[in-house]
Each structure stands twice: as C-alpha cells, then as structure tokens.
Amino acid sequence: LWQWTNEFDRWPVAHYIKRKLNGYFDFLLIDESHQAKSAESAHGNAVGALASACKRTIALTGTTFGGYAWHVKPLLFRLSPATVVSEGFTWEGDTAWNEAYGRIETKVVESEKKRTYQDYKGVWNSYSIGKQARKTKSVKPGVMPTLFGRHLIGNTVFLSLDEVAENLPTLDESVVEVEMDDEQRAAYAETEHALRDSIKTMLAKGDKRLLSRMLMTLLGYCDHPWGWGEIGYYERDDECGQGQVWQNVVTPQSLDPRVIRPKEQALIDLVRKERGEGRKVWVYCSMTGKRDVSERLRQVIADAGFRVEIMRSSVPTDKREAWMAKWGPEVDVAISHPQLVETGIDFFDEKKTYNFPTVIFYH
C-alpha cells in the first residue's frame, strides 16, 4: 500500500546527487566537517552520500577531534577509507578502534563469592569459596599519536590563518576576569554548597541524577541570578510503591534584576571603550532559552545609550545575510548565539556600511 502525499516525490538533495549525478561533480567542499562525525546522523549520512558521488573531496575543519579517537573514524570511512580498511577495521562498532587509537579505562571490582547451605535445623548459612572479579571498560578522552601517522598524515594539510589570507589585522585575544559582588557571591555560595553536599551523598550511592542540574545551575546563576525556583530531583515513593516524590535540594535566591551586576558593567564599559574608538561590537550569548540572558544584555546595553539588536534563531539561515545588511549599519552592538553565525556570515561588507571587528564571548 503506497499513499502519495505530494504531486512529486521528494528526494533528499544529497541522495539525489548520489543516484542521479554520480561522478558529475569534480570537487566536494565540506565546511565544518567535524559536525559530520556521527556514524548515524542525517548530516553524516548526507556527507557520505555526496563524497561517494564526487570525484574529489576537500573537508575543512578547525576541530579535527572532539577529544575521542572514535570522532574521526566515521569521517575516515566516508572520505578516505583505504588505510582504515587495510588494518581490518569495520564500520560496525568502535571497540577495536578505541582500543588501538583511543584511551580505555578498565575497572576491576572484586567481590567475595559465597556458597549457601541449610543445616539440619533448617537455618541457612553461607561460607566463602573465594573471590570473583568483574571488569568494566569505558572510553575516556585521549588519542594515540599513531592515529595521525597511520591515517591522517597522508591526506591532511594544516594551514594557519595567515597562510590563507594576506594583510590580516593583528588578532588580540584576552580573558577579562570579573569578580561577583558580595550579594551575588553569597547567594551563589549558598546554592553551590547545598548542591555539593547533596551530590556527595548521592554519588556515594552511585546516583548521578543531580549532576547535570548542578552543572547548569552553577554555570547559569552567575549571569541570571533570579527566577530559578526549586532545584532537585524526583525520588520513588517507597511507602506506596508507586509514583514519585519531588526532593528539593535548594531554591537559589532571586536577586533584584534592577541591579547591574559587575559582569554586566564590565561588558558596558568594554562596549563604551570600543565604540569610543570607532569599533562596532558583536556579543556571543549562549543562554537564549528558558533563562534568556541575551534579552537582559540588550536591555542593559540599550539603557547605557547604545543601539543594539538581537539576531534570533527565528531568522532563517538564508535570511541572515539580509539581517546583517539591514541592522549592521544601524546598531552599535549586535547579540546572537554563536551557532547562528558559525558559517557563511561576514562581520563586514565590502561597501563598508558596517564592520564588527570586536567579538565578545559573554559566556
């Protein structure tokens, strides 16, 4: 049974090229190729289909590995499989690859093995008959140098930025350290200590449920110290044997949002300095979801007397250049999540109507 939902059948572009235009294109250029490292993602499968259909492939990336040896295995199979296949590796499973080129941590847990018996009075007893060992293996970050020599050296070119373009301006990078004010520091410490104490107790039992919440809370509270509510986890209700009971660990203090915190003031001061020297500023802000820090930054920067706009994810990819052309000449400061301008967006135009030479990673 086949039901047609469209007048024409729709094909993914990559698979259409593979089926209908195999061998037509001379070169395939893959930007940010590390994003196709997954063996199962649609992105990775599309890259594999296109690479098999084109005569030559050039993969570009500034992040060859994400820390693990298996990150490069699917890419090698899709783009340059000869050396991988020659060593006997297969597409399925990463265990052999990680053992050869990664870092494997092996844990051995010994326990006492006992035998039980029932005596003549009907009482059950036990006695030791030795020890038994249980081994568990886990993959840890780390890559063996031999991976480069055997699989990458023959098909990889490393270029620095000054080898790609001439007459580049001097790049100045620095980290600006900012201390929390007393009120913020005390509230942060209260939250941190409560979560830390609870985590210690839970980890002793092998319970890791609170780890991610602790991480996100302590990373985010510095920049959004209000409106958090209860931080905790659900525990099974042992009394009735079903359902779950909420266990609140800590409720972070909600500080006054009208107060400009030291990090925000440092950003305002930096924007004022850069604009005083004629430079527009682009601010990267990664907290744009439930606790939207980008809107907070827009407010405090605008209150300081600067023109500011936010590029949201609601702006389609193919409309972002138009967004730049519209707002670039108008604003002093632009704010966005870094992923929105990861590829294909220029921070200046050839007509010199706008230029954002200063980039600030707020998070």
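Computation of the quantities below employed the complete heavy-atom set of this structure, encompassing side-chain atoms and omitting hydrogens, waters and symmetry-equivalent molecules.
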Under 3.5 Å, side chain of T90 to main-chain N/O of E92, donor-acceptor pair present? yes
Less than 3.5 Å apart, any donor N or O on the side chain of Q339 or Y284 sitting next to an acceptor on the other? no
Going through the distances and angles, do H363 and V293 end up as a side-chain contact (heavy atoms from CB on, under 4.5 Å)? CA-CA 10 Å; H363 292 128; V293 174; 4.0 Å; yes
Stepwise side-chain contact (heavy atoms from CB on, under 4.5 Å) check, S138 with K140: CA-CA 6 Å; S138 58; K140 297 297 181 181; 3.6 Å; yes
Correct closest heavy-atom pair for I310 and S294 would be CD1-O, 3.5 Å
Could you tell me the separation between the CZ atom of R78 and the OG atom of S33, rounded to the nearest 0.5 Å? 11.5 Å
Taking CD in E177 as the centre, count heavy atoms belonging to other residues, nucleotides or ligands within less than 6.0 Å. Is the count above 12? no
How about V283 and F361: do any of their side-chain heavy atoms sit closer than 4.5 Å? no
Describe, in one word, how the ring planes of H224 and W228 are oriented to each other, choosing from parallel (under 30°), tilted (30 to 60°) and perpendicular (over 60°). perpendicular
State, yes or no, whether a side-chain contact exists between P257 and R296 at a heavy-atom distance under 4.5 Å. yes
Evaluate the criterion side-chain hydrogen bond (donor to acceptor under 3.5 Å, both in side chains) for residue pair S336 and R312; output intermediate values, then yes/no. CA-CA 6 Å; S336 76; R312 297 286 189 183; over 6 Å; no
With clusters defined by side-chain heavy atoms of hydrophobic residues (ILVMFWY) lying less than 4.5 Å apart, directly or transitively, does F77 cluster with F148? yes
Same cluster or not: I360 versus L340, using hydrophobic residues (I, L, V, M, F, W, Y) connected whenever any side-chain heavy atoms lie under 4.5 Å apart? no
Nearest 0.5 Å please: distance from the CG atom of L50 over to the CG atom of L29. 11.5 Å
Can you get from L75 to F158 by hopping between Ile, Leu, Val, Met, Phe, Trp and Tyr side chains that sit under 4.5 Å apart? no
Contact between S38 and H43 at the side-chain level, heavy atoms closer than 4.5 Å - yes or no? no
Partners meeting ring-ring contact (aromatic ring centres under 6.0 Å, His included) with F356 (sequence neighbours left out): W282
Using the benzene-type ring in the case of Trp, are the ring centres of Y101 and H151 under 6.0 Å apart? yes
Exceeds 12 heavy-atom contacts within 6.0 angstrom, atom CZ of R279: yes
Tell me whether the NZ or CZ atom of K263 lies within the 45° cone about the ring axis of Y362 and under 6.0 Å from its centre. yes
Student check: side-chain heavy atoms of T106 and T136 closer than 4.5 Å: no
Is it true that a side-chain atom of K73 and a backbone atom of G93 form a donor plus acceptor pair closer than 3.5 Å? yes
Evaluation steps, side-chain contact (heavy atoms from CB on, under 4.5 Å), between L171 and E173: CA-CA 6 Å; L171 177 63; E173 294 181 296; 4.0 Å; yes
Rounded to the nearest 0.5 Å, the CE atom of M324 sits from the CZ atom of F348 at a distance of 10.0 Å
Electrostatic pair D346-R320, nearest N-O below 4.0 angstrom: no
Just by modelled atom types, is the T353 backbone N or O under 3.5 Å from a matching donor or acceptor in the D349 side chain? yes
How long is the straight-line distance from CH2 of W323 back to NZ of K319, given to the nearest 0.5 Å? 15.5 Å
Verify whether one side chain among Q35 and E342 offers a donor that lies under 3.5 Å from an acceptor in the other. yes
Check: W97 main-chain N/O paired with W70 side-chain donor or acceptor under 3.5 Å: no
Compare all side-chain heavy atoms of L255 with those of V259 and state whether any distance is below 4.5 angstrom. no
E330/K280 salt bridge by N-O under 4.0 Å criterion: no
Please list all pairs meeting salt bridge (Lys or Arg N to Asp or Glu O under 4.0 Å) that have one or both residues in residues 208-218, counting only residues at least two apart or in different chains. D207-R209, R209-E235
At their closest point, which heavy atom of V359 faces which heavy atom of F347, and how far apart are they? CG2-CE2, 3.7 Å
Could you tell me whether the side chain of T61 and the main chain of E32 form a donor-acceptor pair under 3.5 Å? no
Taking all non-hydrogen atoms of both residues, which atom of V84 and which atom of S80 are closest, and how far apart? CG2-O, 4.4 Å
Determine whether I30 and T57 satisfy the following criterion, side-chain contact (heavy atoms from CB on, under 4.5 Å), listing intermediate values before the conclusion. CA-CA 8 Å; I30 308 171; T57 300; 3.7 Å; yes
Does either side chain, that of T358 or that of E274, offer a donor lying less than 3.5 Å from an acceptor on the other one? yes
With the 4.5 Å side-chain cut-off for hydrophobic clustering, are L211 and M202 part of the same group? yes
Using atom types as modelled and distance alone, determine if a side-chain donor or acceptor of H71 lies under 3.5 Å from a backbone N or O of G66. yes
Can you check whether V308 reaches V331 side chain to side chain, under 4.5 Å on heavy atoms? no
Look at atom CD of E179 and say whether more than 12 heavy atoms of other residues, nucleotides or ligands are closer to it than 6.0 Å. no
Does R298 come within less than 4.0 Å of E309, counting only side-chain N to carboxylate O? no
Main-chain N/O of F65 paired to K37 side chain as donor or acceptor, under 3.5 Å: no
Once you round to the nearest 0.5 Å, how far does CZ of R307 lie from CD1 of I301? 13.5 Å
Can you confirm whether E40 is buried at CD, in the sense that more than 12 heavy atoms of other residues, nucleotides or ligands lie under 6.0 Å from that atom? no
Side chain proximity check, M144 to R103, heavy atoms < 4.5 angstrom: no
In terms of side-chain heavy atoms, does H337 have a donor or acceptor partner in S286 at a distance below 3.5 Å? no
Minimum heavy-atom separation for A304 and I268, please, with both atom names. CB-CG2, 3.7 Å
Do the side chains of E183 and R261 get close enough for a salt bridge, i.e. N-O under 4.0 angstrom? yes
Name all residues meeting the side chain to side chain donor-acceptor pair (under 3.5 Å) criterion together with E190; count only those two or more places apart in sequence or in a different chain, and write none if there are none. Q253
Determine, for D26 against R56, whether the closest basic-nitrogen to carboxylate-oxygen distance falls under 4.0 angstrom. no
Side chains of D292 and T288: do they bring a donor and an acceptor to under 3.5 Å? no
What are the two closest heavy atoms between C222 and L218, and how far apart are they? SG-O, 3.9 Å
Is L297 linked to V341 within one hydrophobic cluster, defined over Ile, Leu, Val, Met, Phe, Trp and Tyr using a side-chain heavy-atom separation of less than 4.5 Å? no
Donor-acceptor pair, T156 side chain versus L152 backbone, under 3.5 Å? yes
Closest heavy-atom pair, H34 versus T63, reported as atoms and distance to 0.1 Å, is CB-O, 3.1 Å
Any F25 side-chain heavy atom under 4.5 Å of K55 side chain: no
Drop me the distance from M311's CE to C285's SG, to the nearest 0.5 angstrom. 14.0 Å
